[in-house]
Participant: 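Please see the structure below; I have some questions.
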Amino acid sequence: MKRLALYGVLFAVLGFVACGDDGSSADGSGVDPENEVSTIDITENSSADAATSSTEVAASSDNAGLSSAQNQEPASSASVLESSSDVVPESHEEKFNSLVSTFTLKPFEGPLANPHKGFTVPTEGTWIFDPAVEYGPYGEWKNGAWDLVTYGSGYQKWSDLHKGDGVYDWSELDALLEALASHGMGYALRVFPYTPSFIKGNDTPTEEYDWTPPYLYEKGAKKITAITDDGYRAQVPVWDDSIYLKAAKEFAEALAAKYDGDPRIEYIDIRSFGEWGEWHVSHLQGSEMPSLEIQKDMVKHYASLFHKTQLVLTSDGYGDIYTYALSLGITKRDDGLIGIPGTADSLVRAYKAGLPTIAENLGGYEIMLGYNDIIPGGYLKWTPERWVSAITTAHLTYYVLDQESDCAYKFYKENKALADSMTHVIGYNFRITDASLSTVAGAKETQNTLNITVKNTGVAPCFFDIYMVAEFVDSTGTALAQLGETVKIPKKTFKDGDTQKFSFVYAVSGRETDVSALPGVNVALSLYESEEDFKAGKNPTVRFDNDGYLKNKKLILKP
């Protein structure tokens, strides 16, 4: 640590202080080169020796002020220090020795995967974790893309979950959620009523593409014959049929009763209508979407049921239904990024509404490399510049890394450095830009105050509550004492680009052991998803974008 002597003042700092952004770097890194820590020589004196030096240091500190024992109105820091000798008789004056230790802070190198943000790959079933799957996290390809993956995603067939009138089977979905949770990942749930992807001819069995529960047709739900882009005949549900709509609402009720607030679920798409449940019938000539009134009624129904889990309006929910969904706190995803110009811009409305934005590209990585860049009549090909622009323009919190069956293996192999760097950009990204520890020792009490400055250098707010903890720890990260109270940062309050300052105070009387003075003691900072996890002794799950982590994910502030 680099130490600076302070004289003649006891800082009275209680709780924590948060304030606005005090500027960001010109290069967008979140670290201002003018704030680099400089070497300061160590000196120690009594408070009576150098009032001028202590006045200059205290006056420059945001936390300087009167000791509460003096019971005076704070003026400027300088005037307080200059008048203190007149207020306290010399014979009763308590002398203090003070030190400030500053820490060297470096950004974390390599991919930084944090919860409730970032990248996903298709994870359709528990089989993805089988070592026999070569592109899985334990497969022989040693697929590095999994270092970036923070949550799983995939579709479930409505007919597999909804077996009959009032009959539901969640067993396979629960098994997948448990498998993902055991690997530190959540799941983005999509339930499809229909997919034209498997229509290969006029005689394709309906159960291969129509995933509406069969019992609905037995009860009299209507369906029509539509024509696909390839000219094949296909059976399609009538989306505004009363039996269909009633069952779709009942499924939403059962889904909410089972999974609303389940910490294993990242978000749930509302996929009640259309191809892939995407609120369009673009490839099914003869099929029609239900009216706007019916669409709004379904969205409102979902919003009335889900009070904890984030709901999502799918790709082709544009116009009035998009506006209505935002008014209910339902965010938007879009699956046409990069390939279709302006798609990323469409998500800005959700970002401005204070909601996380979600996206995937128009096609798989290899497919998009073959696009012709001709608009109209074609699609834009994938380029690194367009990928970065999609993330930053849409202020993405969630993004599908690649949607092909090899789970982003080729994409990551060819774009590793870029992909690693964007883990520090997508969603929230907390970087400590400044940290110091002041120690004020008196005859009656020693007070340690940790002051840190944190900047969100990501492109989106943090959409869940975070709990910040400061501790004195030994070399293994075992806590010896907590500095001050646990700080709660409510969701959505730490926005992208914001800088906040926090202070943590640890005070001990002269009769107690000051653990900060023991050999080998370090200052550690941690971020938790819940205060209960901290109290239960669990390891933190969120990481700062700084170098110096122990295996238990506590950040050691280095000298």
Participant: Quick check: does any side chain N or O of Thr331 sit under 3.5 Å from a backbone N or O of Pro356, one acting as donor and the other as acceptor?
Facilitator: yes
Participant: Near Gln482 CD, under 6.0 Å, is it more than 12 heavy atoms from other residues, nucleotides or ligands?
Facilitator: yes
Participant: State, without any angle test, whether Ser171 and Asp174 hold a side-chain donor-acceptor pair at a distance under 3.5 Å.
Facilitator: no
Participant: Evaluate side chain to side chain contact (heavy atoms under 4.5 Å, CB included) for Lys117 paired with Tyr151, printing each intermediate quantity in order.
Facilitator: CA-CA 8 Å; Lys117 57 158 277 185; Tyr151 68 106; over 6 Å; no
Participant: Hey, are Asn361 and Tyr399 close enough side-chain-wise for a donor-acceptor pair under 3.5 Å?
Facilitator: yes
Participant: Using modelled atom types only, decide if a donor and an acceptor are shared between the side chain of Thr493 and the backbone of Pro490 within a distance under 3.5 Å.
Facilitator: yes
Participant: Within the distance-only criterion (no hydrogens, no angle test), does the side chain of Asp169 pair as donor or acceptor with the backbone N or O of Leu161 below 3.5 angstrom?
Facilitator: no
Participant: Would you find a donor on one side and an acceptor on the other, under 3.5 Å apart, between the side chain of Ser436 and the backbone of Ser101?
Facilitator: no
Participant: Can you tell me if Thr357 uses its side chain to pair, donor with acceptor, with the backbone of Leu347 under 3.5 Å?
Facilitator: no
Participant: Please step through ring pair (Phe, Tyr, Trp, His ring centres under 6.0 Å) for the pair Phe534 and Tyr528, ending with a clear verdict.
Facilitator: CA-CA 7 Å; Phe534 165 64; Tyr528 290 84; 5.4 Å; yes
Participant: I'd like to know whether Asn539 forms a side-chain hydrogen bond (donor to acceptor under 3.5 Å, both in side chains) with Asn552, so could you lay out the CA-CA distance, the side-chain angles of the two residues, the decisive distance to 0.1 Å, and finally the verdict.
Facilitator: CA-CA 6 Å; Asn539 291 340; Asn552 62 6; 4.7 Å; no
Participant: Before we go on, tell me: are the rings of Tyr409 and Tyr135 under 6.0 Å apart, centre to centre?
Facilitator: no
Participant: Could you tell me whether Glu532 and Lys538 have a side-chain N and a carboxylate O separated by less than 4.0 Å?
Facilitator: no
Participant: Test your reading of the model: is there a side-chain donor-acceptor pair from Asp474 to the backbone of Thr478, 3.5 Å cut-off?
Facilitator: yes
Participant: Do Tyr155 and Asp269 have a side chain donor and acceptor closer than 3.5 Å?
Facilitator: no
Participant: Within the side chain of Lys332, is there an N or O that forms a donor-acceptor pair under 3.5 Å with the backbone of Ser315?
Facilitator: yes
Participant: Tell me whether the rings of Trp146 and Phe129 are parallel (<30°), tilted (30 to 60°) or perpendicular (>60°).
Facilitator: tilted
Participant: Check each of Ile128, Leu401, Val149 against Cys407 using the side-chain contact (heavy atoms from CB on, under 4.5 Å) test, and report the only one that passes.
Facilitator: Ile128
Participant: Ring centres under 6.0 Å, that's the criterion: do Tyr138 and His183 meet it?
Facilitator: yes
Participant: Counting N and O atoms only, with roles assigned by atom type, does the side chain of Asp547 sit under 3.5 Å from a partner on the main chain of Lys106, one being a donor and the other an acceptor?
Facilitator: no
Participant: Quick one: does any side-chain atom of Glu512 pair with a main-chain N or O of Ser509 as donor and acceptor, under 3.5 Å?
Facilitator: yes
Participant: Think Arg543 forms a cation-pi with Tyr549, using NZ or CZ under 6.0 Å from the six-ring centre and within 45 degrees of its axis?
Facilitator: yes
Participant: Verify, without hydrogens or angle tests, whether Asn456 (side chain) and Phe494 (backbone) share a donor-acceptor contact under 3.5 angstrom.
Facilitator: yes
Participant: Taking atom types as modelled, is there a side-chain donor on Asn448 or Thr439 under 3.5 Å from an acceptor on the other?
Facilitator: yes
Participant: For the pair Trp158 and His162, name the ring-plane relationship: parallel under 30°, tilted 30 to 60°, perpendicular over 60°.
Facilitator: tilted
Participant: Step by step, would you call Tyr187 with Gln156 a side-chain hydrogen bond (donor to acceptor under 3.5 Å, both in side chains)?
Facilitator: CA-CA 12 Å; Tyr187 185 65; Gln156 305 290 316; 3.1 Å; yes
Participant: Determine whether the aromatic ring centres of residues Tyr398 and Tyr267 are separated by less than 6.0 angstrom.
Facilitator: yes
Participant: If you compare all heavy atoms of Gly136 against all heavy atoms of Asn143, which two are closest, and at what distance to 0.1 Å?
Facilitator: O-CB, 4.3 Å
Participant: Quick check: are there more than 12 heavy atoms from other residues, nucleotides or ligands sitting under 6.0 Å from CD of Glu485?
Facilitator: no
Participant: May I ask you to check whether over 12 heavy atoms, not counting those of Lys495, lie within 6.0 Å of atom NZ?
Facilitator: no
Participant: Centre-to-centre under 6.0 Å for Phe464 and Tyr428, is that the case here?
Facilitator: yes
Participant: Let's go through Val388 and Ile391 carefully: what are the C-alpha distance in whole Å and the side-chain angles of both, what is the deciding distance for side chain to side chain contact (heavy atoms under 4.5 Å, CB included) to 0.1 Å, and is it a yes or a no?
Facilitator: CA-CA 5 Å; Val388 172; Ile391 292 172; 5.9 Å; no
Participant: Is it the case that the side chains of Glu529 and His116 hold a donor-acceptor pair, with the cut-off being a distance below 3.5 Å and no angle test?
Facilitator: yes
Participant: Run the numbers on Ile330 and Val299 for side chain to side chain contact (heavy atoms under 4.5 Å, CB included), then give the verdict.
Facilitator: CA-CA 9 Å; Ile330 299 172; Val299 167; 3.4 Å; yes
Participant: With a distance cut-off below 6.0 Å to the six-membered ring centre and an angular limit of 45° from the axis, does Lys492 pair with Phe463 as a cation-pi contact?
Facilitator: no
Participant: Is the gap between the ring centers of Tyr365 and Phe411 under 6.0 Å?
Facilitator: yes
